[in-house]
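Accompanying notes for the structure given below.
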Amino acid sequence: MTNVTVFGTGSFGTALANVLADNGHNTLMWGKTLNTVNEINEKHTNHSYLPDVTLNTKITATNQLETAVQHSDIYLIALPTKAIREVTQQIDSLLTTQKYFIHVAKGIENETFKRVSEILAECISPNNNAGIGVLSGPSHAEEVVLKQPTTVAASSSNKELRQLIQDLFMTDYLRVYTNDDLVGVELGGALKNIIAIASGVLVGLGYGDNAKAALITRGLAEITRLGVKLGADPLTFQGLGGIGDLIVTCTSTHSRNFTLGYQLGKGKTLQDILDEMNMVAEGVNTTQSVYNLSKKVNVEMPITEALYRVLFENKPVAEEVKFLMGRTKKSE
């Protein structure tokens, strides 16, 4: 039995807490919302994020950060990207020994263009940092918590931590592969959300499988271009953290990013969609980050550019589809 603290009580954090508890680990969840904490402790459910699911009864929860920090030497950070810097700084202020940090966030920070592992490395003092890693791949929380077969990738520059993540989460329904390309796995997880919103837009507009297949394929091409520019191994994008995650997010109604795009395609405004969502669609902020980053590093990303104009310049979606289809002739 290993003590593990899960920071975040959203859908994926809850699903992974359930995996950890199923594996016999002493799992404590931390969240700010007292009602959710009480529900997990008393009813063993989290209806706001995973309705009609009963969690492992050994999972406990707290809204006291110090209690969560003291619980273990292994932290799973399951928070939206925009919240990670603030919470991690608070965690670091309470630490006196080194801890492992594993994150499952799929975003890029707006102001700095940093990946989540880079944010964590900035916020955790060296004396408190035993290693930073990520768990990523095609893994909707709604299916993981129902114990449907799922495969994901564990990545870190620290070989010992890669193996630890694999050992913690490997079950008969969740298969974990290791990957030493932290940059590629993080970028694949973040950038696929941009393409997923665009995929939802196409479906909302009434376009079919041809358009969706083209979008996924060309989306992978621009993800790979940026990834290689930033130091990733191009082969990573052919694996679970790349094409695997891209396919599942671009084709499933479980995906909040796909759903947001679908509603855009149906004519809803971005603000109305966001007001109705109780979960974070990371792809919106990531589109802004990656659009600006691509300009900075001079990488061509036409799908990202078109979606940026839809989301942040109120351009009509049909107009941007015409832009993409009418671009200058190219070889593949």
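A quick note: this is a predicted structure, and the numbers were derived from the prediction, not measured. The analysis underlying the following values was restricted to heavy atoms, covering all of them including side chains, and did not include hydrogens, waters or symmetry mates.
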Does the side chain of Leu55 come within less than 4.5 Å of Thr45's, by heavy atoms? no
Indicate whether the side chain of Asn56 and that of Asn18 have a donor and an acceptor atom separated by less than 3.5 Å. no
Looking only at heavy atoms, the pair that brings Ile197 and Leu264 closest together is CG2-CD1, 4.3 Å
Taking NZ, NE, NH1 and NH2 as the nitrogens, is one of them in Lys295 or Glu305 under 4.0 Å from a carboxylate oxygen of the other? yes
Please verify the inter-ring angle class for Trp30 with Phe7; under 30° counts as parallel, over 60° as perpendicular, anything in between as tilted. tilted
Relative to Tyr291, does Arg309 satisfy both conditions: NZ or CZ under 6.0 angstrom from the six-membered ring centre, and within 45 degrees of the ring's axis? no
Going by an N to O cut-off under 4.0 Å, is there a salt bridge joining Glu300 and Arg327? yes
Trace of the side-chain hydrogen bond (donor to acceptor under 3.5 Å, both in side chains) decision for Ser72 with Thr5: CA-CA 6 Å; Ser72 70; Thr5 303; 2.9 Å; yes
Between Leu215 and Ile303, is any pair of side-chain heavy atoms under 4.5 Å apart? yes
All heavy atoms of Ala78 vs all of Gly13, minimum pair found to be CB-CA, 3.5 Å
Can Val284 be reached from Leu307 by stepping across I, L, V, M, F, W or Y side chains whose heavy atoms are under 4.5 Å apart? yes
I'd like to check Tyr308 versus Val290 (side-chain heavy atoms, cut-off strictly below 4.5 Å). Are they in contact? no
Verify same cluster id: Leu16, Ile102 (apolar side-chain graph, 4.5 Å): yes
Is a side-chain N or O of Ser289 found less than 3.5 angstrom from the main chain of Thr287, in a donor-acceptor match? no
So does Thr81 get a backbone contact from the side chain of Glu282, meaning a donor-acceptor N/O pair under 3.5 Å? yes
Is there a side-chain contact between Thr60 and Met29, using heavy atoms and a 4.5 Å cut-off? no
Go through it in stages, so that I can follow the logic: the residues are Ser255 and His140, the test is side-chain contact (heavy atoms from CB on, under 4.5 Å), and I'd like the CA-CA distance, side-chain angles, deciding distance and then a yes or no. CA-CA 7 Å; Ser255 166; His140 287 309; 3.9 Å; yes
Output yes when Glu118 and Arg115 qualify as a salt bridge under the 4.0 Å nitrogen-oxygen rule, no when they do not. yes
How far does CG of Asp92 sit from SG of Cys123, to the nearest 0.5 angstrom? 8.0 Å
For the side chain of Ser156 and the backbone of Leu161, is there at least one donor-acceptor N/O pair under 3.5 Å apart? no
Using a 3.5 Å distance criterion without hydrogens, assess whether the side chain of Asn292 forms a donor-acceptor pair with backbone atoms of Gln288. yes
Quick check against the 3.5 Å criterion: does His71 have a side-chain atom that pairs as donor or acceptor with the backbone of Asn26? yes
Mutual orientation of the aromatic rings belonging to Tyr262 and Phe258 [parallel < 30°, tilted 30-60°, perpendicular > 60°]: parallel
In this structure, CG of Leu191 is separated from CD1 of Ile223 (nearest 0.5 Å) by 5.5 Å
So, Thr236 and Asp233: side-chain donor and acceptor under 3.5 Å apart, yes or no? no
Assess, by modelled atom type and distance only, whether the side chains of Arg256 and Ser11 contain a donor and an acceptor separated by less than 3.5 Å. yes
For Leu230 and Leu226: C-alpha separation, side-chain torsions, deciding distance, then whether side-chain contact (heavy atoms from CB on, under 4.5 Å) applies. CA-CA 6 Å; Leu230 298 177; Leu226 182 63; 3.9 Å; yes
Whether Gln238 side chain and Ile243 backbone form a donor-acceptor pair below 3.5 Å: no
Does Tyr75 use its side chain to pair, donor to acceptor, with the backbone of Val4 at less than 3.5 Å? no
If you draw a 6.0 Å radius around NZ in Lys315, do more than 12 non-hydrogen atoms from other residues or ligands fall strictly inside? no
What one should report as the nearest heavy-atom pair of Val6 and Ala17 is CG2-CB, 4.1 Å
Check ion pair Asp22-Lys147 (N to O, under 4.0 angstrom): yes
Check the hydrophobic clustering (I, L, V, M, F, W, Y; side-chain heavy atoms under 4.5 Å; chains of links allowed) and say if Leu205 and Met325 are grouped together. yes
Verify the neighbour count for atom NZ of Lys330: are there more than 12 heavy atoms of other residues, nucleotides or ligands below 6.0 Å? yes
Taking atom types as modelled, is there a side-chain donor on Asn46 or Thr14 under 3.5 Å from an acceptor on the other? yes
Is it the case that the side chain of Asn179 and the backbone of Ser155 share a donor-acceptor pair, with hydrogens and angles ignored and the cut-off at 3.5 Å? no
Ile194 with Leu187, same ILVMFWY side-chain cluster at under 4.5 Å: yes
Spacing of NE2 belonging to His103 relative to CD1 belonging to Ile77, to within rounding of 0.5 Å: 9.5 Å
Can you name the nearest heavy-atom pair linking Thr67 to Leu28, along with the distance? O-CD2, 4.0 Å
Distance (rounded to the nearest 0.5 Å) between Gln89 CD and Ile119 CD1: 10.5 Å
Quick one: does Ser199's side chain have a donor or acceptor within less than 3.5 Å of a partner on Ile195's backbone? no
Does a side-chain N-to-carboxylate-O contact under 4.0 Å join Arg85 and Glu122? yes
Would you check if Arg175 and Thr150 make a side-chain contact, meaning some heavy-atom pair closer than 4.5 Å? no
Looking only at heavy atoms, which two atoms of Leu50 and Ala15 are closest? And how far apart? CD1-N, 4.1 Å
Is the closest side-chain donor-acceptor distance between Asn35 and Glu39 under 3.5 Å? no
Do Thr249 and Asp245 make a side-chain contact, defined as non-hydrogen atoms from C-beta onward lying under 4.5 Å apart? yes
Per-pair distances, 0.1 Å, donor-acceptor, side chain in residues 206-213, under 3.5 Å, sequence neighbours excluded:
none

State, without any angle test, whether Gln90 and Ser93 hold a side-chain donor-acceptor pair at a distance under 3.5 Å. no
Considering non-hydrogen atoms only, spot the tightest contact between Lys106 and Gly189 and give its length. CB-O, 3.3 Å
Does a side-chain heavy-atom distance below 4.5 Å link Ile273 with Met277? yes
Nearest 0.5 Å please: distance from the CZ atom of Phe101 over to the CD1 atom of Ile91. 6.0 Å
Are Asn129 and Tyr100 linked by a side-chain donor-acceptor pair shorter than 3.5 Å? no
Are a donor atom and an acceptor atom from the side chains of Ser117 and Glu186 found within less than 3.5 Å of each other? yes
From Asp180 atom CG to Asn158 atom CG, the distance as rounded to the nearest 0.5 Å: 12.0 Å
List the steps, then state whether side-chain contact (heavy atoms from CB on, under 4.5 Å) holds for Val152 with Leu240. CA-CA 6 Å; Val152 290; Leu240 292 167; 5.7 Å; no
For Ala61, is there any backbone N or O sitting under 3.5 Å from a side-chain donor or acceptor partner on Asn41? yes
Does Ile59 reach the side chain of Leu20, with side-chain heavy atoms less than 4.5 Å apart? no
Shared hydrophobic cluster for Ile132 and Phe169 (ILVMFWY, side-chain gaps under 4.5 Å): no
Are a donor atom and an acceptor atom from the side chains of Gln166 and Gln163 found within less than 3.5 Å of each other? yes
